[in-house]
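Contents: one structure, followed by commentary.
Throughout, a chain's letter reflects where its sequence line sits, starting with A, and its residues are numbered from 1. Computed from a predicted structure; not experimentally measured.
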Amino acid sequence: MKIYNTLSKRKEEFVPIEEGKVRMYVCGPTVYNLIHIGNARPMIVFDTVRRYMEHKGYQVNYVSNFTDVDDKIIKKAAEEGVDASVISARYIEECKKDMAALNVRPATTHPLATNEIDGMLEMIGTLIQKEYAYPAEDGTVYFRTRRFPEYGKLSHKNLDDLQGGSRSLLVSGEEQKEDSLDFVLWKPKKEGEPYWESPWCKGRPGWHIECSVMSRKYLGEQIDIHAGGEDLVFPHHENEIAQSEAANGKNFANYWMHNAFLNIDNRKMSKSAGNFFTVRDISEKYDLQVLRFFMLSAHYRSPLNFSADLMEAAKNGYERIVTGVSNLDYLAQNVGRSEADEQEKALLVQAEAFITRFDEAMDDDFNTADAISVIFELVKFANTNTGENSSREFAGKLAEEIVRLSDICGLLVRKQAQILDEEIENLIEERKQARKAKDFARADAIRSELLEKGIVLEDTREGVKWKRI
RNA sequence: GGCGCAGUAGCCAAGUGGUAAGGCAAUGGUCUGCAACACCAGUAUCCACCGGUUCAAAUCCGGUCUGCGCCUCCA
């Protein structure tokens, strides 16, 4: 299995620190609002990475934090006149709902920054002791960036370029830094803000130190994979490396994975531009499996454009798989012959090639676009080779195969049997009689009536089928 | 200004040296009372442009154009 590593800028064979196990940390959202569809991309992508790793037999320890103390949370709390913890608790709950709807599995551990303050104080203390950090007069603690010679190794920047770029960006408070590249580990509280006691001042942690501490606590000093959006490469992940490696004296993460951004109508999503969508917004119009399918239909390192038309196309594509499985399930339950014959057995052997190709695609830096195209080919293979003369075993096995591959991508393609209201069932039965009597006007009227209730009827060779839209 | 990414059919998107996967849309056909589903057929002489390397390039090298990202909170 090959993974593109931002550190080396190339694909590398994945070798875990501990055989059979993966330790993986994914930077999670700051919970000050409902998550937006841009937040959803890393969640979906790295959930898929995790699922594939597990499919390959790895035991994955997957940690993803919630940043629950931050300027934006404090601002929102002030607006609503409530405590910051009320805001963060609310949006953590909402985020978990969205994740469930996206079929993103909960992490092994979802640590909260505010529960890990002791660890942060400890790490900051160590950094000061090792002279990698220093407190300023007002109690702010800064990381001494130039003391960490490898600073810039992830983002491939050199310190002097950064120095030049930031010189014009000096803001108030900067003058107490030894160097403009130094970044904050601990900052003093302002009036009305949540705070914790520390040896330096009453205050709260800087953003970067959280992840270094939580990663170490739940996964150990050295981990296999650290992941997040590409915007986190600099400065967040660069700073994490500096903190963790300076404090622990060890290499931090072996593989750094970054997903590219999601754009809306070819522009960066932003509230001010008015092209901002939360996951909840999308869920009002689409099954969120469609959003997941959409995100996985491009490679995670390519920028992905989002638009209404593209979502429609994704919906149609996703439904092709769902319909395929549904047709196979129908055959598997209703067809006469139970055992596969010789010809079908030969076809099942042939179908194994799709599984191999699926794994090859995923082994190549999680090429989900290619992997999904293999699922489509398998669907077509199944559609072409099954019919009312198929055996239950044959249809059933093909259905299982499609469901299994989709499941590795976290895509739910088998719709649960839904219970129909008695009234609807009666209408379907009445329409059946009407069609038998060639009263097509009445049959079409019933179909229209059901359509208004969100029920679509299809008269297939195998009989009348219906689905909710 | 520094660093970096991308440009493949109407749209989306794989493919990084051996002669263009897959999906959506559209077209013709089969099936169907009709519709939907499904199947079959054709659909990029060509991969932004120019030049080079090679027996061979969408794939490597150089240049041009265009779009985008990071360098500042941000997935």
Side-chain angles (χ1 to χ4, degrees), chain A residues 6 9 11 26-30 32 35-46 67 70-72 152 155-158 160-166 168-169 171 207 227-236 238 258-263 266-271 293-294 297-299 301-307 309-324 326-327 330 357 361 364 367-380 382-387 434-435 438-441 443-444 447-448 451 456-462 464-467:
Chain A
T6 307
K9 300 208 269 189
K11 289 180 193 171
V26 180
C27 289
T30 300
Y32 64 101
I35 57 164
H36 60 250
I37 57 178
N39 291 307
R41 169 115 106 143
M43 289 177 180
I44 290 168
V45 163
F46 298 117
T67 295
D70 160 274
D71 288 343
K72 290 185 289 267
S155 53
H156 306 101
K157 293 175 187 301
N158 79 60
D160 295 323
D161 288 345
L162 287 168
Q163 190 97 57
S166 61
S168 58
L169 296 166
V171 292
W207 174 40
E230 66 177 355
D231 57 317
L232 298 183
V233 173
F234 189 90
H236 185 55
E238 197 70 71
H258 295 97
N259 64 278
F261 258 55
L262 180 78
N263 295 317
N266 293 309
R267 328 205 72 184
K268 187 169 172 171
M269 176 164 70
S270 78
K271 278 186 180 166
F293 173 87
F294 170 74
S297 67
H299 190 93
R301 283 188 290 111
S302 300
L304 179 58
N305 192 231
F306 178 94
S307 73
D309 286 351
L310 293 171
M311 273 302 279
E312 277 301 312
K315 177 175 175 243
N316 292 336
Y318 167 67
E319 280 179 356
R320 179 172 161 83
I321 300 172
V322 172
T323 303
S326 150
N327 289 343
Y330 186 91
R357 284 175 52 210
D364 183 15
N367 193 333
T368 54
D370 243 0
I372 285 176
S373 81
V374 175
I375 295 177
F376 275 113
E377 289 182 60
L378 180 56
V379 168
K380 179 151 189 163
N383 285 336
T384 309
N385 291 300
T386 56
R435 289 182 68 215
K438 304 230 184 279
D439 181 2
F440 297 121
D444 287 351
R447 186 165 60 187
S448 306
L451 184 61
V456 178
L457 295 186
E458 293 176 1
D459 302 318
T460 69
R461 276 173 300 197
E462 294 89 24
V464 182
K465 291 200 207 166
W466 63 274
K467 62 181 178 184

So [X], base contact, sugar-phosphate only, or nothing? Heavy-atom distance under 4.0 Å.
X         : result
Ser326(A) : nothing
Arg320(A) : sugar-phosphate
Asp444(A) : base
Glu312(A) : nothing
Phe376(A) : sugar-phosphate
Leu262(A) : base
Lys380(A) : sugar-phosphate
His299(A) : sugar-phosphate
Leu457(A) : base

Distance-only donor-acceptor test, Asp309(A) side-chain atoms vs C24(B) base atoms, 3.5 Å: no

Side chain Arg447(A) and base C34(B) donor-acceptor under 3.5 Å: yes

Can you tell me, in whole Å, how much space there is between the [atom1] of [N] and that of [M]?
N      : M      : atom1 : result
G29(B) : A36(B) : P     : 14 Å
C46(B) : A57(B) : P     : 14 Å
A48(B) : A58(B) : P     : 10 Å
C61(B) : A25(B) : P     : 38 Å
C12(B) : C47(B) : C1'   : 16 Å
G15(B) : G22(B) : P     : 15 Å
U66(B) : C24(B) : P     : 36 Å
A14(B) : U59(B) : C1'   : 13 Å

May I ask you to evaluate whether [X] reaches the phosphate of [N], defined as a side-chain N or O under 4.0 Å from OP1 or OP2?
X         : N      : answer
Ser302(A) : A14(B) : yes
Asn383(A) : C39(B) : yes
Asn316(A) : A25(B) : yes

Mind calculating the distance between [atom1] ([X]) and [atom2] ([N]) to the nearest angstrom?
X         : N      : atom1 : atom2 : result
His156(A) : C70(B) : NE2   : C1'   : 13 Å
Asp370(A) : G23(B) : CG    : C1'   : 12 Å
Asn263(A) : C5(B)  : CG    : C1'   : 12 Å
Asp459(A) : A36(B) : CG    : C1'   : 8 Å
Asn367(A) : G23(B) : CG    : C1'   : 14 Å
Ile37(A)  : C74(B) : CD1   : P     : 20 Å
Asn385(A) : C40(B) : CG    : C1'   : 14 Å
Leu232(A) : U72(B) : CG    : P     : 14 Å

Nearest-neighbour nucleotide for the [X] side chain, [options] considered:
X         : options                : value
Phe440(A) : C24(B), C71(B), G33(B) : G33(B)
Ser373(A) : C71(B), G33(B), A21(B) : A21(B)
Glu377(A) : G22(B), C37(B), C70(B) : G22(B)
Trp207(A) : C11(B), C40(B), C74(B) : C74(B)
Asp231(A) : C73(B), A75(B), C39(B) : A75(B)

Base paired to [N] (Watson-Crick or G-U; both N/O distances under 3.5 angstrom):
N      : result
U53(B) : none
A6(B)  : U66(B)
U27(B) : A41(B)
C34(B) : none
G22(B) : C12(B)

How far apart are the closest heavy atoms of [X] and [Y], and which atoms are they?
X         : Y         : value
Pro29(A)  : Asn39(A)  : CB-OD1, 4.5 Å
His156(A) : Thr6(A)   : CE1-O, 2.9 Å
Gly324(A) : Val379(A) : CA-CG1, 4.4 Å

Under 3.5 Å donor-acceptor, Glu230(A) side chain and Ala260(A) backbone: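 Absent.
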
Parallel, tilted or perpendicular: ring planes of Phe293(A) versus Phe376(A), cut at 30 and 60 degrees: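 Rings of Phe293(A) and Phe376(A): perpendicular, as their planes differ by over 60°.
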
Min side-chain heavy-atom separation His299(A)-Asp370(A) under 4.5 Å: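 Result no, sub-4.5 Å side-chain heavy-atom pair not found.
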
Side-chain heavy-atom pair Glu238(A), Lys157(A) within 4.5 angstrom cut-off: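 Glu238(A) vs Lys157(A): side chains apart.
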
Within the 6.0 Å centroid threshold, strictly below: Phe294(A) and Tyr318(A): no

Evaluation steps, side chain to side chain contact (heavy atoms under 4.5 Å, CB included), between Arg320(A) and Lys380(A): CA-CA 10 Å; Arg320(A) 179 172 161 83; Lys380(A) 179 151 189 163; 4.0 Å; yes

Residue whose closest nucleotide on RNA chain B lies nearer the 5' end, Asn39(A) versus Val374(A): Val374(A)

Residue whose nearest RNA chain B nucleotide is more 5′ - Ala369(A) or Lys9(A):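 The answer here is Lys9(A).
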
